Amino acid sequence: MPTLKQLAVESLTHLVEGGQERLAVDDDARGILREWMLAARRGPQAAAPAPVASPAAPEMSVEEKLELLRSKAADWKPARRLGTLRETMVFAVGNPHARLMLVGEAPGYEEERQGEPFVGPAGQLLTKILGAMGLKRDDVYISNVCKFRPSMGENQGTANRPPSPEELAACSPLIMAEIRAIQPVCIVCLGGSSAKGLLGTQQGVNALRGQWLECQGVPVRVTYHPSYLLRNEALSARRALWEDMLCVMQKLGMPISEKQQNYFR
Ligand code: URA
């Protein structure tokens, strides 16, 4: 029989995934909810029991769950209400059964134009990095914490800006639901915004790199955003990102050749 806690978590999850943004609670309830939220971010050992699946969930395939999420995202009221994000929703791309999930920050000019994450210059570099790992884009699942390109007003042109904390918070239920649907073996956070959105941390990439963290029980590796490498061509930065990817390959049980081991040395 589900506990009171499980029922409360399930009801709240449904409200959030349905786009509800606000709920009146007293101070005691706020304290309890905050404790649950922090425990859930730490992972399953520390978390409240997992929410009970909704009655429809067991029969839904991953593809169906993602399709449902995609349609919810298209009219995602918490994001729309902010009025600071652009109109076009860019969801995710790749394999719903992927063992590796990569999460960036938000679509940019090219992603908004093509309706697909990571297709601009940073995306092309990401595709090359995946290639060096022996993976194709179709082998992995690629998404963003923020599903809309952050707005910079009328004369934005091709310029992009990182999402604000409010924009990340508004979109985070979507990426959390994607993680629950995909259940990857591990996740790579590309850049600081992604880490903020997934891990609720204020720390930057340099402090977060080099360790396994956790989001909803899934191991997470934080690394540099490919756009950082486009701005900083130092061999040390490329080697650092590549070392993170070698750890990811190891976690996935992928073979690593001597050539791969020695890239950027
Ligand atoms: N940068 C991101 O973080 N995501 C994209 O989809 C494109 C560029």
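As the structure is a prediction and not an experimental result, all values here were calculated from the model. Indexing begins at 1, ligand by ligand and atom by atom, following the structure's order.
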Next on the checklist: Can you confirm if the NZ or CZ of Lys251 lies within 45° of the ring axis of Trp212 and under 6.0 Å from the centre of its six-membered ring?
Outcome noted: yes
Next on the checklist: Check for me, please, whether Leu168 and Val90 land in the same ILVMFWY cluster - side-chain distances under 4.5 Å, paths through other members count.
Outcome noted: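 Leu168 does not cluster with Val90.
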Item to check | Which segment of Glu110 sits under 4.0 Å of ligand 1 when only heavy atoms are counted | outcome: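 Glu110 to ligand 1: no contact under 4.0 Å from either part.
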Next on the checklist: Please work out, at 4.0 Å between heavy atoms, whether the side chain, the backbone, both, or neither of Glu105 comes within that distance of ligand 1.
Outcome noted: both
Next on the checklist: I'd like to know whether ligand 1 has Ala106 as a neighbour, heavy-atom separation below 4.0 Å.
Outcome noted: yes
Checklist entry - ligand 1 and Pro117, any nitrogen or oxygen pair closer than 3.5 angstrom? => result no
Item to check | Nearest neighbour in protein (non-hydrogen) for atom 1 (N) of ligand 1 | outcome: His225 NE2, 3.1 Å
Item to check | Residue, atom name and distance, where the atom is the protein heavy atom closest to atom 4 (N) of ligand 1 | outcome: Asn144 OD1, 2.8 Å
Checklist entry - What atoms of ligand 1 come within less than 4.0 Å of a heavy atom belonging to Gly104? => result 3 (O)
Item to check | Residue pair Leu66 / Ala181: nearest heavy atoms and the distance that separates them | outcome: CD2-CB, 4.1 Å
Checklist entry - Under a 4.0 Å N-O cut-off, is there an ion pair linking Glu167 with Arg161? => result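 The answer is yes: the pair qualifies as a salt bridge.
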Next on the checklist: Are Leu190 and Glu105 packed together at the side-chain level, in the sense that at least one heavy-atom pair is separated by less than 4.5 angstrom?
Outcome noted: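 No, their side chains stay 4.5 Å or more apart.
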